[in-house]
2 protein chains.
Amino acid sequence: MAAADRPCPQRRGRPRSAAADRAILDATRAALVDLGWSRLTMSEVAHRAGVAKTTLYRRWAAKSELVVDAVAVLFDELELPDGGSLRADVEGVVLSFSALLRRPETKTALMAVLAESTTDEALRQRIRSAIVDRQKRLVLAGRARAQQRGELPPDSSDDGETARVVDLIFDVIAGAVVHRSLVSDRPVDRSWAHHFTTLLLEGLGAVSSPSDPLPERAAQKTGGSV
Amino acid sequence: MAAADRPCPQRRGRPRSAAADRAILDATRAALVDLGWSRLTMSEVAHRAGVAKTTLYRRWAAKSELVVDAVAVLFDELELPDGGSLRADVEGVVLSFSALLRRPETKTALMAVLAESTTDEALRQRIRSAIVDRQKRLVLAGRARAQQRGELPPDSSDDGETARVVDLIFDVIAGAVVHRSLVSDRPVDRSWAHHFTTLLLEGLGAVSSPSDPLPERAAQKTGGSV
DNA sequence: GAGTTACGCTACGGCTCGTAGCGGAATGGG
DNA sequence: CCCATTCCGCTACGAGCCGTAGCGTAACTC
């Protein structure tokens, strides 16, 4: 729906302005930063985008759908550069994901849209397809690399079993980072990423024992806020 | 603030009606189930509670604060019965927490209030003190029991180190359950709880290997939706 | 009884919502 | 070229909620 509700790329008559689309989505993100979710109004977005309010309603039926589309593209920035080991890959994705969540428009939009989705099944599906499910590629990539390195056993013959494991890992990583940064409201820095990765890789006993040193590092490419 | 903004339990003049307090909070939860967050209005709550709108504004300045108070009490229901092992305790808290999140008023309110809090520092603190931080008692209790049983090493001499570990475990458990049930929108059933606990206790290698049997059980008291 | 505080009720200006109707602009088909 | 079609910006509208103020009354303390 939304920007995708044009069956033919060109039917007849005047085409929709692609520039208006971009202006609207940019204005939505900017307004989200300044105002937050509850004070964000369609009128304000239209005004900032230099667009009539009616144009906005012609493309998005609700504020929540507009915001999903405005924010979804930000999540596609996530990458998983090969860190050389499973531990490095996990720490890398944790830090880059948390950097994304640190941006005001991202965290505000994500939480608000999830809240709306608890009473709106269509919106829930829209979020999953536009944002959440697409990020499982990161887990799949990291897992495949680790298996190539011999750090993890190869896939089970049962595809359902494999999918379940991927979903589990995804929920644990994404959930922990979101909870740490947005609920507990504490920084996801290099130290936290290290301890979390130790817990994920080796289990509860490893982080409980008083021997989990955080190695000193000089280079820092993911921009953690240590 | 809110219901706690009475310095003296009885100052002078007519006291605030405790019945009105209960009626308002009950009406808030009920309206939240029927309408969701965005369509929930102060007028509607006042009408359902049989209370004047002005009475409502005398006690809560904003919708978000009202909802925090209305929902906070639900989280105090969480208990941690001794399951006899660390694994049983973790699975127990995962299942009871997910049962709480399955209630419409809980999930709607929690996500909406967290969304609002991303642009409201005071609200963020209110949520932490009224809801989040109080539940760390569950981690502390489970950890102490496991240490008594010898399943985990005793506390480090460094108190800061201990607090960091407790916070980490809390974020991982709560975050994973919230993400699984509210974002991925898939059931937290007995099977998921089992695999998650395996991952938490033994690390990634344990769930990736094709040997993590789910023991059959007859009794089922937490209502997993398998 | 006097003083104080909470209550229900009504009314208000201000804002946003989502829609309708208009004239005009941009495209494709005959 | 001209027409049909579709989009655009603009204005206006009834509706609903917001948060506050003012009033008379009820409940409780000293």
Side-chain angles (χ1 to χ4, degrees), chain A residues 1-28 31-32 34-67 112 116 119-120 122-123, chain B residues 1-28 31-32 34-67 112 116 119-120 122-123:
Chain A
M1 333 199 173
D5 54 359
R6 312 168 207 166
C8 312
Q10 194 58 29
R11 294 179 42 146
R12 228 164 65 174
R14 178 175 176 174
R16 286 192 173 171
S17 160
D21 258 351
R22 280 190 293 102
I24 290 171
L25 295 178
D26 290 347
T28 301
L32 213 45
D34 297 343
L35 304 173
W37 166 265
S38 64
R39 279 166 300 178
L40 177 72
T41 67
M42 298 292 260
S43 307
E44 175 68 17
V45 172
H47 183 259
R48 287 189 187 220
V51 155
K53 203 171 56 167
T54 43
T55 300
L56 232 167
Y57 279 106
R58 279 190 199 102
R59 308 187 186 198
W60 289 277
K63 187 168 83 168
S64 49
E65 300 186 0
L66 168 62
V67 172
E116 283 300 303
T119 52
D120 186 339
L123 181 61
Chain B
M1 319 149 188
D5 54 357
R6 312 170 206 163
C8 314
Q10 194 60 28
R11 297 179 37 146
R12 234 163 61 174
R14 177 174 177 175
R16 286 192 173 172
S17 162
D21 258 352
R22 281 191 292 105
I24 290 172
L25 294 178
D26 289 347
T28 302
L32 212 46
D34 296 343
L35 305 173
W37 166 264
S38 66
R39 280 166 300 179
L40 177 73
T41 68
M42 298 294 258
S43 307
E44 175 69 18
V45 171
H47 183 257
R48 287 191 188 220
V51 155
K53 202 171 57 167
T54 44
T55 299
L56 231 168
Y57 279 106
R58 279 193 200 97
R59 309 189 185 195
W60 289 278
K63 188 169 81 168
S64 50
E65 300 185 0
L66 168 62
V67 171
E116 283 300 303
T119 52
D120 184 339
L123 181 61

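Quick note on labels: first sequence line is chain A, next is B, and so on, each numbered from 1.
Heavy atoms only, all atoms of each residue included: B:V45 and B:I24 are closest at CG1-O, 4.0 Å. Scanning all heavy atoms of the two residues, the minimum distance from A:A49 to A:A23 falls at CB-O, 3.7 Å.
In this structure, CZ of A:R58 is placed 12 Å from P of C:dT19, rounded to the nearest angstrom. In this structure, the CZ atom of B:R16 is 15 Å from the C1' atom of D:dC28, given to the nearest Å. The interatomic distance linking A:L66 (CG) with C:dT16 (P) rounds to 16 Å, in whole Å. The interatomic distance linking B:Y57 (OH) with C:dT10 (C1') rounds to 16 Å, in whole Å. Taking atom CG on A:L56 and atom P on C:dT19, their separation rounds to 12 Å, with Å as the unit. Atoms CD1 (B:I24) and P (C:dA6) sit 13 Å apart, rounded to a whole Å. One atom, CZ of A:R59, and another, P of D:dT6, lie 15 Å apart when rounded to the nearest Å. For the pair A:L35 CG and C:dC15 C1', the interatomic distance rounds to 14 Å; values are reported in whole Å.
Residue B:R14 has no polar side-chain atom (N or O) positioned under 4.0 Å from OP1 or OP2 of D:dA26.
Salt bridge annotation for B:R59-B:D21: present, with a cationic side-chain nitrogen under 4.0 angstrom from a carboxylate oxygen.
Comparing A:A62 and B:K53, the nucleotide of DNA chain C nearest to each residue sits closer to the 5' end for B:K53.
Put simply, the side chain of B:T54 and the base of C:dC9 share a donor and an acceptor less than 3.5 Å apart.
When each of D:dG9, C:dT4, C:dG8 is scored by its nearest atom to the side-chain atoms of B:R12, the top-ranked nucleotide is C:dT4.
Within residues 38-46 of chain A, the residues that have a heavy atom under 4.0 Å from DNA chain C are, in order of number, A:T41, A:M42, A:S43.
To the nearest 0.5 Å, atom NZ of residue A:K63 and atom CG of residue A:L32 are 8.5 Å apart.
A:R48 is linked by a side-chain contact (heavy atoms from CB on, under 4.5 Å) to A:A27, A:A30, A:A31, A:D34, A:L35, A:E44, counting only residues two or more places apart in sequence or in another chain. Partners of A:S38 according to the side chain to side chain donor-acceptor pair (under 3.5 Å) rule, which considers only residues two or more places apart in sequence or in another chain, are B:E116.
Between B:L66 and B:M42, some side-chain heavy-atom pair lies under the 4.5 Å cut-off.
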